[in-house]
There are 2 protein chains.
Amino acid sequence: MNVEEIIKTSKQIPLEPRTLIHLQLVHNKVNEAMNGALKPFEVSLQQFNVLRILRGQQGKPANLSTLNERMVTKMSNTTRLVDKLLAKGFVNRTVCPSNRRKVEIVITDSGLKVLGQMDESLEEAHQVIFQNFKKQDLEQLNKLLDKF
Amino acid sequence: MNVEEIIKTSKQIPLEPRTLIHLQLVHNKVNEAMNGALKPFEVSLQQFNVLRILRGQQGKPANLSTLNERMVTKMSNTTRLVDKLLAKGFVNRTVCPSNRRKVEIVITDSGLKVLGQMDESLEEAHQVIFQNFKKQDLEQLNKLLDKF
DNA sequence: AAACAATATTTGTATATACAAATGTATGAT
DNA sequence: ATCATACATTTGTATATACAAATATTGTTT
């Protein structure tokens, strides 16, 4: 990836803004690849993320605030995101009996099955995304990202 | 930045998906900082980006397709983005006399002045964003990001 | 020149996301 | 028990973004 070439500029950019532009470009590219991998399943990255969290609960229900807390990208409207998953039959939602303000969300068998297929599709995307990375590069990158 | 802590998971995540989550978290954080820096001026990052491109033109007008080509994040609706800048008086838009399909967009004096203030505000944001980075770290990070 | 295709932008519409106010429920103080 | 407050979610609404179709202009072919 060549920053200057992509944004079609000839003049050199100072290191700090260049890094921010670079991050944005990588983000765009990665997102495109991941959304592409999820496209056949008609779910957004956010929805996929929620399904993964629910699987991680191992049968234990999660409520909306828990989901929101664990999401990679926090969003203001988890209700409507779960609505979509519900409409696809990937989750069940019930009011929490011990505290009726809360809701209990669990992933369905169908949700689990499709999530497995999404994993496979994303695995393929990883191979493309990370084709130029050695294990050591990834470790180094993670270390640098920690500085943010 | 501790990935596992932020998304509140105890189990360790494989290196590749962890990198993608990491990138997303960094992206969120950087975006928040930059949007915060631009908030007093009521412009989005995309709008700021377009203003910078126009300044880079040094008086020479740019048309919509040129802007779109040079934007960090390409978007499907540059017309309405420019509408907003126009409404704020930061740009002028005229039909190109030699080819009336095209439009010519230039940054106004007012736009240039405010853009200068935005630069200062972003400079401060940089200091926060990059506080843990040495010059060498940034160079290394840019090199690794090139692998995408 | 008329017809057709190509180009540049605009508009319509659907979907996504953000933010604030509203709703329903539970908890604690008086 | 009543009231005020806090909590969890939902709803309304505004704004942002995405995609496709529509419009206007130019270039090309016959």
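In this text, all values refer to a predicted model and were calculated from it rather than measured experimentally.
With D:dA16, C:dT13, D:dT11 as the choices, the nucleotide that has an atom nearest any side-chain atom of B:R80 turns out to be C:dT13. When distances run from any side-chain atom of A:S76 to the nucleotides D:dA16, C:dT9, C:dA18, the shortest one goes to C:dA18. Of the candidate nucleotides C:dA16, C:dT10, D:dA16, C:dA16 has the atom nearest to the side chain of A:K84.
The separation between A:E32 atom CD and D:dA18 atom P is 11 Å, rounded to whole Å. In this structure, CG of B:N28 is placed 14 Å from C1' of C:dA18, rounded to the nearest angstrom. One interatomic measurement links the two molecules: NZ of A:K102 to C1' of C:dT27, which rounds to 13 Å at whole-angstrom precision. Rounded to whole angstrom, the span from the CG atom of B:L81 across to the P atom of D:dA18 amounts to 11 Å. Nucleotide C:dT17 holds its C1' atom 13 Å from the CG atom of A:N68, rounded to whole Å. The separation between A:Q46 atom CD and D:dA16 atom C1' is 15 Å, rounded to whole Å. For B:N77 and C:dT11, the CG to P distance is 10 Å, given to the nearest whole Å. Here C:dT11 presents its P atom at 11 Å from CG of B:L64, a figure rounded to the nearest Å.
In this structure the side chain of B:L122 reaches within 4.5 angstrom of the side chain of B:L38, judged on heavy atoms.
Mapping A:N63 and B:T73 onto DNA chain D by nearest heavy atom places A:N63 at the nucleotide closer to the 5' end. Judged by closest nucleotide on DNA chain C, B:R93 is the one of A:R101 and B:R93 placed further toward the 5' end. Both A:N99 and A:D83 lie near DNA chain D, and the one whose nearest nucleotide falls closer to the 5' end is A:N99.
Phosphate contact (OP1/OP2 of D:dA16, side-chain N/O of B:S44, threshold under 4.0 Å): absent. Contact between the side-chain N/O atoms of B:T79 and the OP1/OP2 oxygens of C:dT11 is not found at any separation under 4.0 Å.
When ring centroids are compared, A:F148 and B:F133 come within the 6.0 Å threshold.
Put simply, the side chain of B:R100 and the base of D:dG27 share no donor and acceptor less than 3.5 Å apart.
Without hydrogens or angle criteria, A:N142 side chain to A:L138 main chain gives a donor-acceptor distance under 3.5 Å.
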Report task. Go through the steps to decide whether A:H27 and B:L23 satisfy the test side-chain contact (heavy atoms from CB on, under 4.5 Å), and finish with yes or no. Result -> CA-CA 7 Å; A:H27 175 259; B:L23 277 170; over 6 Å; no

Query raised in the report: Can you check side-chain contact (heavy atoms from CB on, under 4.5 Å) on B:V43 and B:F90, steps first, answer last?
Result: CA-CA 11 Å; B:V43 295; B:F90 295 161; 3.8 Å; yes

